[in-house]
Structure formats: C-alpha cells, structure tokens
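The shown structure was predicted, so the numbers you read here are calculated from the model rather than taken from an experiment.
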Amino acid sequence: MNGNLKLALQKKGRLTEKSLELLRLCGMEVENYSERLVVSVRNFPLDILFLRDDDIPEYVQDGVADIGIVGENVIYEKQTNTPVLEKLGFGRCSLLFAYPENKELKKLEDVNGKTIATTYPKILKDFLKSNNLNAKVIELSGSVEIAPSLGVADLICDIVSTGNTLMMNKLKKSFKVFDSEAVLISAETTLKDEKKNEYLTDLRRRIRSVMTAHSSKYLMMNIPKNSLDKIIGIIPSLKSPTVLHLAEKDMLAVHAVIPSDKFWHIIDDLKAAGASGILLLPIENLIQ
Ligand code: ATP
Ligand code: ZN
C-alpha cells in the first residue's frame, strides 16, 4: 500500500490505447506497460492496474482499484455500485437489435415471442420490460452474431459500431437499445478517503480540461477593419475574441476559441466577410 490512487484500465482491447492517451494528455508519464499487471505513473501518485474490462466494475466496487475506466455498457450490465464521475467521449458504441437480412423487423413490437441472443441479458431484459415487450432472452458469452444462422435465436442484441461483423453474418441493424461510451468510475470509499479524493480531484480537473480542449480549436484570421462587427457576429466564440492590430493599417487579426465542429459551418461566411489567412489550430489544454 503506497497510498497512490489505483486506476483500473482494460488490459488489451478497444479502450486500452485511448485510455492511455487520455492519461498522457493529462500530463501523466506512464511507464512502458506491455505485459505488466501494475504500472506506476512517474509524475503523479497513480498506479495503473490492467484488467479484463468485464472485471473492472467489481474490482472498483470492492476497492481493489479506487477508480476505473470502462464502457457504460459493462457497468450497467454488472449492476455495481460504482458512481460515474466523468464521461470520456471515446469508446462510443450502441447496443442494437440485429436481424437476418431475409427477414423483417418493422416495428419494435415485432420482437414479441421471438428468441434473442445477447451477451447483455440485464440491459436487454430491462429494455424489454420498460417497453412492455415479451421475448425469450438467451445469454451467450461471445460470438452472438452467429446465433441466428445456427438456429439458436431469431435475432440478436449486440454492440455495434461499424456494422462490418453484422454484414459478414448476413444480419442488418435494427432498433437501438442502449448508447455507450467510456466513463470514469469510482468506489464510494475512494471519495471518502481525503488524500485519494485530493488526487482524484486533480485528475478529474485535468480530464475535463483535455476534453474541452479537444472539442475546441484556436481560430486565427486577418480581416479588413470595417468588417469587424460582422466577423464577430459570425464567430461562435467561447469567450470574447481577441482583436489585434496589424502593421497594415486597414487590417486586424482576430483570434478566438471555437467548438471544433462549428468551423466548417462558418468558413464561407468568414470569407464572404473578407477574412483571409484563416488558420485553425489544435489546443492541448483549456482551463475554464
Ligand atoms: P476483454 O478482453 O477486456 O474482456 P472485450 O473483448 O470484452 O475485452 P472490447 O471488444 O475490447 O472488449 O471492447 C471494450 C469496450 O469497448 C466495450 O465494452 C465497449 O464499451 C467499447 N466498444 C466500442 N466499440 C465497440 C465495438 N465495435 N464492439 C465492441 N465494443 C465496443
Ligand atoms: Zn470483456
């Protein structure tokens, strides 16, 4: 027991690299982790435990780890008492019904009386119940997509992000059951430990800063002086834009932090208002 905050991450899988990248963006120097169960962070009181994602909620609940990064789908399915502290914006996927291509699922009620194979029986049963549907749920531990062709189930309820696996198994996407992304969870006890809570507060502040920074960009441009009001009206700035004088008398430089996804919506308007030399730069951290 070294008093460090213990963070559980997926050992090898879809969340591993993204989780480590987030930590690095938070300024954490993570040692080379390959094939090790526990790795320390050089410049922060944090130890990382590498586990199977399915085990993370329980390990966190039991206090083996203080906090963890895992998909919402896994926490919901495991029903652990592990509060979600932050949504992390990666590992997005959906739990969907998928149906053999040669059959039809026109409305949700058509699942009544059917047999559904899934690795998420808890989420699926809750969904059926809250929609007053009656279907038989078969729990499988993997390769759910082959169940219809084996005649084990009429349809499946599985995690889908691209749909390639479905296509290969002649299944098509149907109604959505649950949306998921990676989240930071903790145990109730972590929040009560004064020292650990202090480390956690620091970590969460860094995570939020990285996340806002990633969804924002730094926009720079030169504009004719007389179009300043018009340009300011176009920019969806988080704060008041910075306006700078240029050596050229009738021109100004305007800088602003904008939401990344707005850039392509405003570019034509900016140009029409006379903006030139438009630059869009990434932001590493943004403290608000
Ligand atoms: P483990 O060996 O740790 O049990 P796994 O095979 O259960 O790994 P992965 O396939 O690596 O898990 O997925 C980890 C998490 O990534 C999922 O629980 C889910 O939250 C998320 N995810 C994002 N996209 C997808 C996808 N296309 N398919 C499955 N999971 C996805
Ligand atoms: Zn798993």
Nearest-0.5 Å distance that lies between atom [atom1] in [X] and atom [atom2] in [Y]:
{"X": "Ser94", "Y": "Asp179", "atom1": "OG", "atom2": "CG", "value": "4.0 Å"}
{"X": "Ile185", "Y": "Thr80", "atom1": "CD1", "atom2": "OG1", "value": "5.5 Å"}
{"X": "Leu270", "Y": "Lys230", "atom1": "CG", "atom2": "NZ", "value": "11.0 Å"}
{"X": "Asp47", "Y": "Glu31", "atom1": "CG", "atom2": "CD", "value": "9.5 Å"}
{"X": "Ser40", "Y": "Asn4", "atom1": "OG", "atom2": "CG", "value": "6.5 Å"}
{"X": "Leu7", "Y": "Ser186", "atom1": "CG", "atom2": "OG", "value": "11.5 Å"}

With a 4.0 Å cut-off, would you call [X] and [Y] a salt bridge?
{"X": "Asp55", "Y": "Arg52", "answer": "no"}
{"X": "Glu29", "Y": "Arg24", "answer": "no"}
{"X": "Arg92", "Y": "Glu181", "answer": "yes"}

Would you find a donor on one side and an acceptor on the other, under 3.5 Å apart, between the side chain of [X] and the backbone of [Y]?
{"X": "Thr115", "Y": "Ala153", "answer": "no"}
{"X": "Asn132", "Y": "Leu128", "answer": "no"}
{"X": "Glu77", "Y": "Ile123", "answer": "yes"}
{"X": "Gln79", "Y": "Tyr76", "answer": "yes"}

Just so I know, are the side chains of [X] and [Y] near enough to count as touching, which here means a heavy-atom distance under 4.5 Å?
{"X": "Ile207", "Y": "Cys26", "value": "yes"}
{"X": "Ile156", "Y": "Thr118", "value": "no"}
{"X": "Leu15", "Y": "Leu9", "value": "no"}
{"X": "Asp193", "Y": "Asn197", "value": "no"}
{"X": "Phe97", "Y": "Asp158", "value": "no"}
{"X": "Thr201", "Y": "Arg205", "value": "no"}
{"X": "Gln10", "Y": "Ile69", "value": "no"}
{"X": "Leu155", "Y": "Leu171", "value": "no"}

Apply the test side-chain contact (heavy atoms from CB on, under 4.5 Å) to residues Ile48 and Val41: give CA-CA distance (whole Å), side-chain angles for both, the deciding distance (0.1 Å), then the verdict.
-> CA-CA 8 Å; Ile48 304 172; Val41 169; 4.1 Å; yes

Where do [X] and [Y] come nearest, in terms of heavy atoms and distance?
{"X": "Met220", "Y": "Leu281", "result": "SD-CD1, 3.6 Å"}
{"X": "Gly3", "Y": "Tyr199", "result": "O-CE1, 3.6 Å"}
{"X": "Val60", "Y": "Gly68", "result": "CG2-N, 3.9 Å"}
{"X": "Val183", "Y": "Glu72", "result": "CG1-CG, 3.5 Å"}
{"X": "Arg208", "Y": "Thr212", "result": "O-OG1, 2.6 Å"}
{"X": "Ser180", "Y": "Gly71", "result": "OG-C, 4.0 Å"}

Hydrophobic cluster membership, with links at side-chain heavy-atom distances under 4.5 Å among I/L/V/M/F/W/Y: are [X] and [Y] in one?
{"X": "Leu49", "Y": "Leu37", "answer": "yes"}
{"X": "Val243", "Y": "Leu246", "answer": "no"}
{"X": "Met167", "Y": "Ile159", "answer": "no"}
{"X": "Leu286", "Y": "Leu219", "answer": "no"}
{"X": "Phe44", "Y": "Met211", "answer": "yes"}

Is the count of non-hydrogen atoms from other residues, nucleotides or ligands lying under 6.0 Å from [X] atom [atom1] greater than 12?
{"X": "Lys18", "atom1": "NZ", "value": "no"}
{"X": "Lys136", "atom1": "NZ", "value": "no"}
{"X": "Asn134", "atom1": "CG", "value": "no"}

Do Ser276 and Asn222 pass the side chain to side chain donor-acceptor pair (under 3.5 Å) test, and can you show the C-alpha distance, the side-chain angles, and the key distance before you say yes or no?
-> CA-CA 5 Å; Ser276 59; Asn222 294 340; 5.0 Å; no

Step-by-step side-chain contact (heavy atoms from CB on, under 4.5 Å) determination, Glu188 to Lys192 = CA-CA 7 Å; Glu188 299 276 4; Lys192 290 186 191 125; 4.3 Å; yes

Please find out if less than 6.0 Å separates the ring center of Phe127 from that of Phe178.
-> no

Go through the steps for Leu203 and Ile67 under the test side-chain contact (heavy atoms from CB on, under 4.5 Å), then give the verdict.
-> CA-CA 11 Å; Leu203 176 65; Ile67 50 176; 3.7 Å; yes

Begin from the C-alpha positions of Leu184 and Arg204 and carry the test side-chain contact (heavy atoms from CB on, under 4.5 Å) through to its verdict.
-> CA-CA 9 Å; Leu184 180 73; Arg204 289 178 66 183; 4.1 Å; yes

Anything under 3.5 Å between a donor and an acceptor, one on a side chain of residues 250-268, the other on a protein residue two or more places apart or in another chain? List them.
unit_1	atom_1	unit_2	atom_2	d
His255	ND1	Tyr218	OH	3.1
Ser260	OG	Ser215	O	3.0
Ser260	OG	Ser216	N	3.4

Please check if any side-chain donor atom of Asp154 sits under 3.5 Å from a side-chain acceptor atom of Tyr99, or the reverse.
-> no

